[in-house]
> 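This is the structure I want to talk about, given as structure tokens.
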Amino acid sequence: MIYLDNHATTPCDPKVIEAMLPFFGETFGNPSSTIHEAGRRADNAVKHARQQVADLIGAKTKEIIFTSGATESNNIAIQGLIKGSNGSRRQIVTTPIEHKALLNQCKVLSKEDWEIVYLPVDRMGTVDLYEAKKLITSNALVVSVQIASNEIGTIQPIGEIAKLTYENGAYFHSDAAQAVGKIPVDVNQMGVDLLSISAHKMYGPKGIGALYVRGGAYAMPIKPLVHGGEQEFNLRSGTLNVPGIVGFGKASELCKEYLVEESEQIGALRDFLEDKLMESVDVQRNGNLENRLSGNCSFTFPGIDAEALIVNMADFAISSGSACTSGAPEPSYVLEAIGLSREEAFSTIRIGLGRFNSNEDIKEFIIELFSSLGKLAGIAP
Ligand SMILES: *Cc1c(COP(=O)(O)O)cnc(C)c1O
């Protein structure tokens with residue numbers, strides 16, 4: 001199988017696995033039990049990893065809260081701020097193209113007297129700054145906009161949106177699960193208060209991530225959602241996932257080292273693929289072609305059923321522009337939000353190129369794609 005679905009998850013880097021292994025075995029201590037040597041070893045490993053993660057985003061170690069991933073980080077960010085607020089500001093501002101880890105909690109909050117304001121996005125999925133200027137007001141408690149889209153790769157003008165947020169005295173959160181490790185992310189340059197990260201989107205293990213909190217958890221009016229042993233500056237209780245944290249730290253170090261060169265290499269693979277496709281088949285590219293993740297391709301093949309195409313290409317891991325949540329396929333809400341019709345969404349595939357993809361992978365993919373498109377042409381979606 002050739003893996004081309006790096007937005008869903010990335011394979012764990014072998015160097016990350018190697019770094020983690022001792023922490024499943026001989027170094028098993030609880031980092032909270034520093035009265036003895038076993039606990040101190042685990043604690044030192046966590047301290048080192050916290051530094052590695054902080055270094056990747058230009059943060060201080062006390063600003064990194066380890067969580068189970070970006071879903072949990074998004075929930076602590078929004079609901080933690082709500083718990084810490086005095087209730088005078090009643091709006092949560094976001095976009096219609098966020099990950100479900102953001103949008104589904106907004107749906108729940110909208111039933112609890114919170115008003116959700118959606119910033120409109122254009123045909124490329126970029127937030128309309130003119131509209132944002134009108135919609136972000138002093139009624140907002142928090143504004144949450146992702147750095148980069150997991151579906152169409154579009155990178156948002158985060159600095160500008162953060163500025164509008166601060167002018168209105170609100171907090172700014174960003175879901176950076178697709179951005180950290182892929183593009184340079186500096187929390188001070190971008191000016192964010194809260195930032196969600198997921199290790200398994202950056203060649204680390206699953207089930208571990210972080211929430212960056214400006215100034216640390218005690219400096220911000222943010223309250224925990226889970227209570228217990230007061231780990232992670234009392235914002236996220238529970239015994240730390242030491243192997244996961246060590247792997248996340250190593251993955252951060254590798255991303256920092258590889259980032260610039262790797263994004264150029266992946267971008268070159270992507271350009272090669274897109275050029276070949278555009279010279280031979282009817283294809284439309286989605287997302288902001290100027291400002292996007294280098295590994296992202298969102299392709300619409302008019303008149304082609306994307307599900308059938310993917311089934312035909314069983315040796316390749318790729319994703320479609322629809323979700324099958326309750327039996328019946330639904331077009332992706334992200335593709336609908338940028339103005340694609342249902343038919344176009346059902347004719348869309350997503351490819352996510354990553355660290356371990358080669359030229360050879362792309363060449364094989366192109367051959368297989370052309371052959372499958374030929375077979376499917378004329379079969380209506
Ligand atoms: C994968 C992803 C998430 C969820 O992260 P988990 O660590 O799997 O919980 C959230 N937001 C975006 C943009 C993602 O790509």
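Both ligands and their constituent atoms are indexed starting at 1 by order of listing.
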> Report, as yes or no, whether the 6.0 Å neighbourhood of atom NZ on K134 holds more than 12 heavy atoms from other residues, nucleotides or ligands.
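Yes, enclosed.
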> In terms of side-chain heavy atoms, does D55 have a donor or acceptor partner in S252 at a distance below 3.5 Å?
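There is no such pair (donor and acceptor under 3.5 Å, judged by atom type) between the side chains of D55 and S252.
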> H99 and Q146: side-chain donor and acceptor closer than 3.5 Å?
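Their side chains do not contain a donor-acceptor pair, so the 3.5 Å distance test is not met.
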> Verify the distance criterion only: is there a donor paired with an acceptor across the side chains of E151 and S332 at less than 3.5 Å?
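Yes, side-chain donor-acceptor contact under 3.5 Å.
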> Out of curiosity, I64 CD1 to Q52 CD, how far, rounded to the nearest 0.5 Å?
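Going from the CD1 atom of I64 to the CD atom of Q52 covers 11.5 Å.
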> Is the backbone N or O of P96 less than 3.5 Å from a side-chain atom of Y333, with the two atoms forming a donor-acceptor pair by type?
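Checked: no pair found.
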> At less than 4.0 angstrom from any atom of ligand 1, which residues have a non-hydrogen atom? List them by chain and residue number.
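G69, A70, T71, H99, N150, D175, A177, Q178, S198, H200, K201.
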